[in-house]
Amino acid sequence: MKTFADLIITGANELLTLAGHSSEPKTGKQMKNLDIIEKGAVAVSKDIIIACGTWEEVTDEVSISSNTLEIDATNKVVMPGFIDCHTHLVFAGSREEEFEQRLMGASYLDILRSGGGILNTVRATRAASKDELINKSLGHLDTMLGFGTTTIEAKSGYGLTIEDELKQLQVIKELNCQHPIDLIPTFLVHTTPPEFNTTGEYIDFVINKMLVNIQGMAENCDIFCEHDVFDLAQSEGVLTAAQKLGFKSHIHADQLSDMGGAQLAARLNATSASHLDYISSTGIDAMAKSGTIAVLIPGASFFLDSDTYPPATDMISRGVAVALATDFNPGSCPTESMQIILTLACIKLKMSPAEVINAATINAAHAINRAGTIGSLEVGKQADILVLDVPNYQSIPYHFGVNTVGTVIKKGKIKVTVMKNNDKENV
Ligand code: NIG
Ligand code: FE
């Protein structure tokens with residue numbers, strides 16, 4: 001007996017399946033392959049993909065009834081939803097004044113050292129109620145979904161007390177119930193709050209008091225390893241203690257200087273290391289060997305007007321698994337759009353259109369340990385699917401600063417439909 005499809009997408013000019021990499025991320029030349037099916041179709045039952053292939057292959061396997069919802073993807077691209085594997089979603093306030101200060105010559109770290117930057121957002125986030133944070137975050141999630149993002153990692157890190165970090169993580173938990181986007185929670189040790197005299201004292205507090213209280217509320221622990229923030233030994237101390245409590249490791253590494261953060265990530269078998277603008281050659285080899293995913297964030301380098309971007313093509317050719325993320329946050333990258341990140345990765349990191357699509361889907365799924373269920377269009381995977389209003393995959397990063405989304409399907413349900421003039425004529 002064939003299974004009935006609740007939803008079927010047909011006639012895709014290009015169906016990007018990205019199949020075959022649920023166990024291992026894509027590296028090297030695999031990044032150039034999107035496993036494209038021309039005139040492809042995908043069938044969904046409930047929230048799961050039940051067939052994927054040509055029209056003939058799909059209709060051989062599934063039945064269609066008058067209850068099956070059909071989406072015509074003629075002249076369009078169909079692909080998995082974007083996975084934004086590094087965001088700082090939950091915060092209060094905004095930092096456009098600091099943006100203006102930076103335009104006048106102040107640096108990101110100068111602003112942080114003088115009590116602004118991350119600490120500015122910490123003050124606002126501490127003062128905000130849970131409901132205020134939920135409402136603000138829901139707006140950002142709506143924007144993300146509209147741009148085709150169906151799963152995100154969301155970090156805390158703007159509370160810096162047990163209570164305020166838990167508040168952010170409870171907000172993330174609540175957002176998971178209220179919004180279609182799935183959120184993976186990460187506890188971020190972001191900077192030392194002003195009530196501590198030294199960074200060392202704060203690190204002791206994190207290791208001895210905070211981690212046990214956060215346990216159960218976050219899947220991963222992350223730390224901002226950077227000069228004047230947390231050094232290598234402090235980062236290692238926190239991540240090792242967190243691992244003993246069951247947290248997986250993420251790390252902000254080598255963003256503004258080469259701290260040896262990539263080597264630390266590899267040594268600790270971290271799931272991912274983010275930024276890596278200043279990664280050394282030794283760091284590249286270490287990450288290739290450990291299989292730690294490099295989450296590259298060209299949006300932050302661009303928004304901080306840096307001359308240095310991560311050496312993505314070198315990393316890819318030397319075997320590092322590369323993913324992409326927005327880093328959505330109020331200081332270094334206030335955009336919810338993965339689409340613009342794809343364009344920046346092509347232009348600034350010299351990645352190819354196929355590489356950026358793999359990096360923003362299947363490899364991003366690996367960066368948050370979800371590649372078994374999302375990141376590609378394969379039978380048995382969750383039906384998180386985009387229908388993009390472009391004829392081929394190259395057009396995705398080619399159009400920039402605009403939204404190419406036609407339809408967003410999350411867990412088998414249509415969540416976003418963008419009406420174009422042509423569609424309206426047909427209504
Ligand atoms: O990933 N680098 C540290 N943290 C964020 C920025 C956070 C902020 O400025 O509020 C980042 O770039
Ligand atoms: Fe970040």
Side-chain angles (χ1 to χ4, degrees), residues 84-99 101-102 106-126 128 133 136-137 140 152-160 164-165 168 184-193 218 220-231 235 238 249-257 259 261 265 270-279 293-306 308-310 323-336 338 341 344 364 367-368:
D84 194 348
C85 60
H86 179 143
T87 83
H88 304 253
L89 173 77
V90 180
F91 59 86
S94 61
R95 308 228 297 269
E96 61 276 12
E97 283 115 13
E98 290 177 4
F99 171 58
Q101 281 169 24
R102 285 198 296 103
S107 81
Y108 180 79
L109 281 180
D110 288 343
I111 294 171
L112 179 59
R113 277 186 214 108
S114 64
I118 295 170
L119 290 171
N120 189 342
T121 302
V122 168
R123 284 188 290 276
T125 306
R126 284 180 178 179
L133 292 173
K136 180 167 162 56
S137 305
H140 296 308
I152 68 165
E153 185 244 29
K155 301 176 194 290
S156 65
Y158 290 122
L160 311 182
D164 290 301
E165 287 293 309
Q168 273 192 281
I184 314 299
T186 295
F187 169 52
L188 170 62
V189 184
H190 212 171
T191 192
T192 302
N220 314 292
C221 180
D222 190 344
I223 187 160
F224 185 15
C225 180
E226 188 57 61
H227 280 300
D228 290 341
V229 188
F230 298 115
D231 67 23
S235 304
V238 167
S249 301
H250 289 191
I251 180 167
H252 281 68
D254 304 332
Q255 178 182 2
L256 305 167
S257 55
M259 295 272 294
T271 313
S272 73
S274 289
H275 292 285
L276 303 166
D277 295 42
Y278 288 85
I279 191 173
I293 312 284
V295 177
L296 305 184
I297 298 182
S301 324
F302 170 77
F303 196 72
L304 297 179
D305 197 20
S306 171
T308 305
Y309 282 78
L324 288 166
T326 59
D327 193 18
F328 174 67
N329 75 74
S332 66
C333 199
T335 181
E336 292 96 336
M338 282 294 284
I341 301 304
L344 287 173
I368 50 170

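For ligands, and for the atoms within them, numbers begin at 1 and follow the listed sequence.
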**Request:** Taking the six-membered ring for Trp and the full ring for Phe, Tyr or His, determine whether the centres of Phe99 and Phe303 are under 6.0 Å apart.
**Result:** yes

**Request:** Just say parallel, tilted or perpendicular for the rings of His88 and Tyr158, cut-offs at 30° and 60°.
**Result:** tilted

**Message:** Measuring only between side-chain heavy atoms, which start at C-beta, is Phe224 closer than 4.5 Å to Thr191?
**Reply:** no

**Item:** Ring centroid separation His252 to Phe230 under 6.0 Å
**Value:** no

**Message:** Within the structure provided, determine whether Lys155 and His86 are in side-chain contact (heavy-atom separation under 4.5 Å).
**Reply:** yes

**Request:** List, ordered by chain and residue number, the protein residues whose closest non-hydrogen atom lies under 4.0 Å from any atom of ligand 1.
**Result:** His86, His88, Arg95, Tyr108, Ile118, Tyr158, His190, Phe224, His252, Gln255, His275, Asp327, Asn329, Gly331, Ser332

**Prompt:** Under 2.8 Å from the Fe ion (ligand 2), how many protein N, O or S atoms can be found?
**Reply:** 4

**Sub-4.5 Å side-chain heavy-atom contact between Pro310 and Ile279** = no

**Asked** Under a 4.5 Å cut-off applied to non-hydrogen side-chain atoms, are Arg95 and Thr121 in contact?
**Response** yes

**Message:** Are Arg126 and Pro193 packed together at the side-chain level, in the sense that at least one heavy-atom pair is separated by less than 4.5 angstrom?
**Reply:** yes

**Message:** So that I can tick it off, tell me whether Asp228 and Arg113 are bridged by a salt bridge, with the cut-off set at under 4.0 angstrom between side-chain N and carboxylate O.
**Reply:** yes

